[in-house]
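Working notes, structure below.
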Amino acid sequence: QVQLVESGGGLVQAGGSLRLSCAASGRTVSNNAMGWFRQAPGKEREFVAAINWNSGTTAYADSVKGRFTISRDNAKNTMYLQMNSLNSEDTAVYYCAAATTAWNIRNLAAYTYWGQGTQVTVSS
């Protein structure tokens, strides 16, 4: 089992920045990739960004490319999402997830473990 705990969400004005963290514990050696997803009210959960835990290779949704940066600290078993130039469309609950596979990491179904989510609200 892997436990994931997100932090860093909050209320920010449009154009501002936030950094989310996701701390992993438990059987983390089985993780091959970790990712961030988000879910806005009335919408499906969608892919935001992902990182291959071993190689550091990253992937981003087109909607956040150039504004968000995903990174990880292997020693701390922690993943980060630096979010810049936030706008109202970024308002959502953000979830971190861990996958035992390194394939199809843009796909929600690839992930086995999920955090509880952290709310990000961008005011215009």
Side-chain angles (χ1 to χ4, degrees):
Q1 288 285 350
V2 175
Q3 292 78 44
L4 303 173
V5 179
E6 303 101 332
S7 60
L11 175 64
V12 63
Q13 289 189 332
S17 299
L18 280 175
R19 189 175 85 151
L20 305 183
S21 299
C22 175
S25 60
R27 194 174 171 79
T28 58
V29 293
S30 64
N31 293 345
N32 279 297
M34 292 187 70
W36 289 98
F37 289 77
R38 66 186 182 186
Q39 188 166 19
K43 295 187 176 182
E44 294 185 352
R45 193 170 300 189
E46 65 175 5
F47 170 74
V48 176
I51 187 165
N52 183 300
W53 201 251
N54 299 307
S55 69
T57 303
T58 59
Y60 295 94
D62 288 343
S63 59
V64 307
K65 198 173 296 184
R67 299 188 298 123
F68 291 11
T69 303
I70 190 172
S71 62
R72 93 281 198 216
D73 184 328
N74 295 57
K76 295 182 178 179
N77 285 323
T78 301
M79 175 179 65
Y80 305 97
L81 186 68
Q82 178 65 43
M83 305 186 295
N84 299 329
S85 301
L86 287 161
N87 58 61
S88 59
E89 294 185 351
D90 296 316
T91 295
V93 177
Y94 283 71
Y95 298 90
C96 74
T100 57
T101 177
W103 296 97
N104 297 321
I105 57 176
R106 293 173 179 267
N107 192 329
L108 185 148
Y111 293 84
T112 305
Y113 304 103
W114 292 84
Q116 82 288 351
T118 185
Q119 177 71 46
V120 171
T121 303
V122 183
S123 63
S124 55

Between [X] and [Y], what is the shortest heavy-atom contact and its length?
X: Leu81; Y: Ala49; value: CD1-CB, 4.2 Å
X: Met34; Y: Ala24; value: CE-CB, 4.4 Å
X: Tyr113; Y: Gln1; value: CE2-OE1, 3.5 Å
X: Gly56; Y: Arg72; value: N-NH2, 3.6 Å

Quiz item: Is there a path of hydrophobic side-chain contacts, each under 4.5 Å between heavy atoms of I, L, V, M, F, W or Y residues, that connects Val122 with Val48?
Solution: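 In one cluster: yes.
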Quiz item: Does Val2 share a hydrophobic cluster with Tyr80, counting links as ILVMFWY side-chain heavy atoms below 4.5 Å and allowing steps through other members?
Solution: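 Unlinked, Val2 and Tyr80 end up in two clusters.
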Answer yes or no: is there a side-chain heavy-atom contact under 4.5 Å between [X] and [Y]?
X: Tyr94; Y: Thr118; result: yes
X: Phe68; Y: Leu18; result: no
X: Met83; Y: Leu20; result: yes
X: Val64; Y: Arg38; result: yes

Self-check item: By side-chain hydrogen bond (donor to acceptor under 3.5 Å, both in side chains) - contacts of Ser55 (at least two apart)
Solution: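 If we apply the side-chain hydrogen bond (donor to acceptor under 3.5 Å, both in side chains) test to Ser55, skipping adjacent residues, the hits are Asn52, Thr57.
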Quiz item: In chain order, what residues pass the side-chain hydrogen bond (donor to acceptor under 3.5 Å, both in side chains) check against Arg45, with sequence neighbours excluded?
Solution: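 Checked Arg45 against side-chain hydrogen bond (donor to acceptor under 3.5 Å, both in side chains); matches are Gln39.
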Mind checking salt bridge (Lys or Arg N to Asp or Glu O under 4.0 Å) for [X] and listing every partner two or more places apart, or none if nothing turns up?
X: Arg67; answer: Asp90
X: Lys65; answer: Asp62
X: Glu89; answer: none

Quiz item: Between Ser17 and Asn84, is any side-chain donor less than 3.5 angstrom from a side-chain acceptor?
Solution: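 Per modelled atom types, Ser17 and Asn84 side chains form a pair under 3.5 Å.
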Quiz item: Is a side-chain N or O of Glu6 found less than 3.5 angstrom from the main chain of Cys96, in a donor-acceptor match?
Solution: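 Side chain of Glu6 to backbone of Cys96, a donor-acceptor pair under 3.5 Å: yes, one is there.
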Self-check item: For Tyr95, the rest of its hydrophobic cluster, which grows through side-chain links under 4.5 angstrom
Solution: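 ILVMFWY cluster around Tyr95 also holds Phe37, Phe47, Val93, Ile105, Leu108, Tyr111, Trp114.
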